[in-house]
Number of protein chains: 2
Amino acid sequence: MTRREPLNREKVLDAALALAAEEGLKGLSMRKLAKTLGVEAMALYNHVRNKTDILDGIAERVYSGIERADPDSPWPERVRVTVLNTYRALAAHPVVPMALATDEANPNSLQALLPLDDLVGALYEAGFDDDGIRPTLGALNSLVFGSLLLTTVGFTKARKGEAEREQDERFLRRIDPAVLPNFSRAIPALQAHDPEPDFMRALDLLISGLVAAAASGPGTAWPLRGPARRRRDRRPGSV
Amino acid sequence: MTRREPLNREKVLDAALALAAEEGLKGLSMRKLAKTLGVEAMALYNHVRNKTDILDGIAERVYSGIERADPDSPWPERVRVTVLNTYRALAAHPVVPMALATDEANPNSLQALLPLDDLVGALYEAGFDDDGIRPTLGALNSLVFGSLLLTTVGFTKARKGEAEREQDERFLRRIDPAVLPNFSRAIPALQAHDPEPDFMRALDLLISGLVAAAASGPGTAWPLRGPARRRRDRRPGSV
DNA sequence: ACCTGAACACCGTTCAAGT
DNA sequence: ACCTGAACACCGTTCAAGT
């Protein structure tokens with residue numbers, strides 16, 4: 001198989017994204033990737049520093065594809081749209097959140113921070129101060145990553161999955177309603193659904209919490225506070 | 001080095017937890033694990049089915065160490081304490097959320113589902129119906145996993161970290177306040193903090209959203225709904 | 001019953017060598 | 001300038017062999 005044009009970084013990243021979509025993060029190896037490009041593994045190192053560089057590259061690509069929200073919309077809507085668009089971009093390429101979570105990739109382009117900047121701006125406008133920004137942003141980011149990882153999990157095996165699914169079935173049948181009364185009642189409702197609508201509802205739940213916190217102003221921004229295992233009537237000074 | 005007593009499953013799991021705490025999920029290999037036990041890698045297979053079995057085993061251990069909430073406390077407090085205790089148990093052993101996220105482990109003991117059962121019970125009591133349980137539980141789970149993964153990330157490198165930290169510094173200095181005005185303003189506030197208090201505040205934010213949704217009753221439980229990218233003046237079914 | 005050595009099929013990466 | 005082959009230091013796991 002002769003190749004007219006030589007390889008380049010963009011072609012390597014294209015192929016990496018395609019291979020990862022097929023086989024997941026584990027299946028994305030330098031050797032297999034090279035094979036899809038009709039080349040030996042070592043040839044890749046002429047166009048890419050190492051595997052981390054590839055993962056950083058695809059993360060950067062996916063991040064820069066995030067649509068930005070209308071800057072004139074009210075802040076809760078801006079939060080909602082920014083976070084949802086981030087979710088959508090990452091959900092389309094599950095390798096990226098996976099690689100970020102395992103620290104195999106790191107977001108390292110400034111452009112990728114634009115949606116984050118929008119988010120921070122919306123939160124400032126909502127009235128959160130510097131100390132409220134951090135946990136609030138953390139909540140939004142965690143929701144995105146957590147949702148992606150929990151629903152994306154096993155997406156590699158998902159297609160092989162005959163035996164897997166049967167094992168899950170067996171596990172569910174072993175559940176004793178006497179020991180797990182609530183969970184066993186919820187099992188039918190917890191079966192696989194389209195993850196995006198569920199994410200949207202979860203996000204709205206969180207945003208309604210943000211709205212309540214913003215409305216109550218500083219000092220009372222976090223209801224329901226108190227140390228975890230001790231009862232306390234006083235609420236130690238928040239924000 | 002002579003050993004009086006032979007190995008057993010519990011000792012293997014102990015050593016695995018210890019090695020993973022030192023070296024992270026990547027550092028936990030069968031060969032290295034065997035070495036810490038003064039044995040060859042292949043000896044482990046007499047006590048454990050394979051590596052997945054080890055990861056399942058430590059996940060099960062950590063999960064069964066989750067303290068349960070007082071069943072007589074009001075439902076929002078029960079949600080808060082259950083989720084917080086889950087967070088704490090997993091935060092003490094970051095390999096576990098990591099292994100679950102990468103699908104290298106799967107929770108497969110019924111006992112591990114007890115906290116989840118408590119959570120579902122609290123949500124039913126709050127008035128969520130079957131269709132509301134799923135996204136609500138998803139939001140709580142996602143918050144826990146997302147928070148753990150985002151703050152745990154790089155915990156392996158964290159101790160090596162001189163060069164790493166310097167690189168982060170350089171990245172932050174490259175940020176142009178003209179292009180990322182909000183984010184650059186927030187940088188000081190976003191610097192590393194103790195993650196647990198931030199998690200608690202994020203959780204309280206979400207719970208206040210749950211309380212609002214529960215109070216508004218079925219049918220209007222999710223404020224701020226509406227399609228993502230279209231502007232809308234009307235807000236369907238707000239609280 | 002428990003452990004080991006050699007082997008197989010994989011990894012990422014380096015280095016000298018080819019064109 | 002770009003690619004390759006051989007090699008190094010790793011993986012998880014199987015299998016026959018040792019005690």
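Order of the sequence lines sets the chain letters (A, B, ...), proteins ahead of strands, with each chain counted from 1.
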**OP:** Check whether any side-chain N or O of His47(B) sits under 4.0 Å from OP1 or OP2 of dA1(C), and answer yes or no.
**Re:** no
Expected rows: protein N/O vs nucleotides 17-19 of chain D N/O, under 3.5 Å:
none

In whole angstroms, the gap separating P of dC2(C) from NZ of Lys11(B) amounts to 11 Å
To the nearest angstrom, the CG-C1' distance between Asn8(B) and dC2(C) comes to 13 Å
- Do Thr82(B) side-chain atoms and Val79(B) backbone N/O form a donor-acceptor pair below 3.5 Å? no
To the nearest angstrom, the CG-P distance between Leu33(B) and dC11(D) comes to 11 Å
Rounded to whole Å, the CG-C1' distance (Leu25(B) to dC11(D)) equals 13 Å
Review point. Should the heavy atoms of other residues, nucleotides or ligands under 6.0 Å from CZ of Arg9(B) be counted, would the total exceed 12?
Key: yes
Ignoring hydrogens and angles, tell me if any N or O in the side chain of His47(A) forms a donor-acceptor pair with the backbone of Leu7(A) under 3.5 Å. yes
Does His93(B) reach the main-chain N or O of Ala91(B) with its side chain, forming a donor-acceptor pair under 3.5 Å? no
Query raised in the report: Can you tell me if Lys51(A) uses its side chain to pair, donor with acceptor, with the backbone of Leu28(A) under 3.5 Å?
Result: yes
In whole angstroms, the gap separating P of dC11(C) from CG of Leu44(A) amounts to 13 Å
Is it true that a side-chain atom of Arg31(A) and a backbone atom of Ala41(A) form a donor plus acceptor pair closer than 3.5 Å?
no
Tested for side chain to side chain contact (heavy atoms under 4.5 Å, CB included) against Val12(B), the lone hit among Leu33(B), Leu17(B), Ile58(B), Asn46(B) is Leu33(B)
Whole-Å distance, Leu19(B) CG to dC11(D) C1', equals 14 Å
Would you say Gln111(B) and Ser109(B) are linked by a side-chain donor-acceptor pair, where the criterion is simply a distance under 3.5 Å? no
- Message: Closer than 4.0 angstrom, basic N to acidic O: yes or no for Arg68(A) and Asp117(A)?
- Response: no
Checking N1-N3 plus N6-O4 or O6-N4 for Watson-Crick, or N1-O2 and O6-N3 for wobble, each under 3.5 Å, the partner of dC15(D) is dG5(C)
Check nucleotides 12-15 of chain D for protein N or O atoms closer than 3.5 Å to its own N or O atoms and list the pairs.
residue: dG12(D); atom: OP1; partner: Met30(B); partner atom: N; Å: 3.2
residue: dG12(D); atom: OP1; partner: Lys51(B); partner atom: NZ; Å: 3.1
residue: dG12(D); atom: OP2; partner: Met30(B); partner atom: N; Å: 2.9
residue: dG12(D); atom: N7; partner: Arg31(B); partner atom: NH1; Å: 2.3
residue: dG12(D); atom: O6; partner: Arg31(B); partner atom: NH1; Å: 3.4
residue: dG12(D); atom: O6; partner: Arg31(B); partner atom: NH2; Å: 3.2
residue: dT13(D); atom: OP2; partner: Tyr45(B); partner atom: OH; Å: 2.9
residue: dT13(D); atom: OP2; partner: Lys51(B); partner atom: N; Å: 3.0
residue: dT13(D); atom: O5'; partner: Tyr45(B); partner atom: OH; Å: 3.4

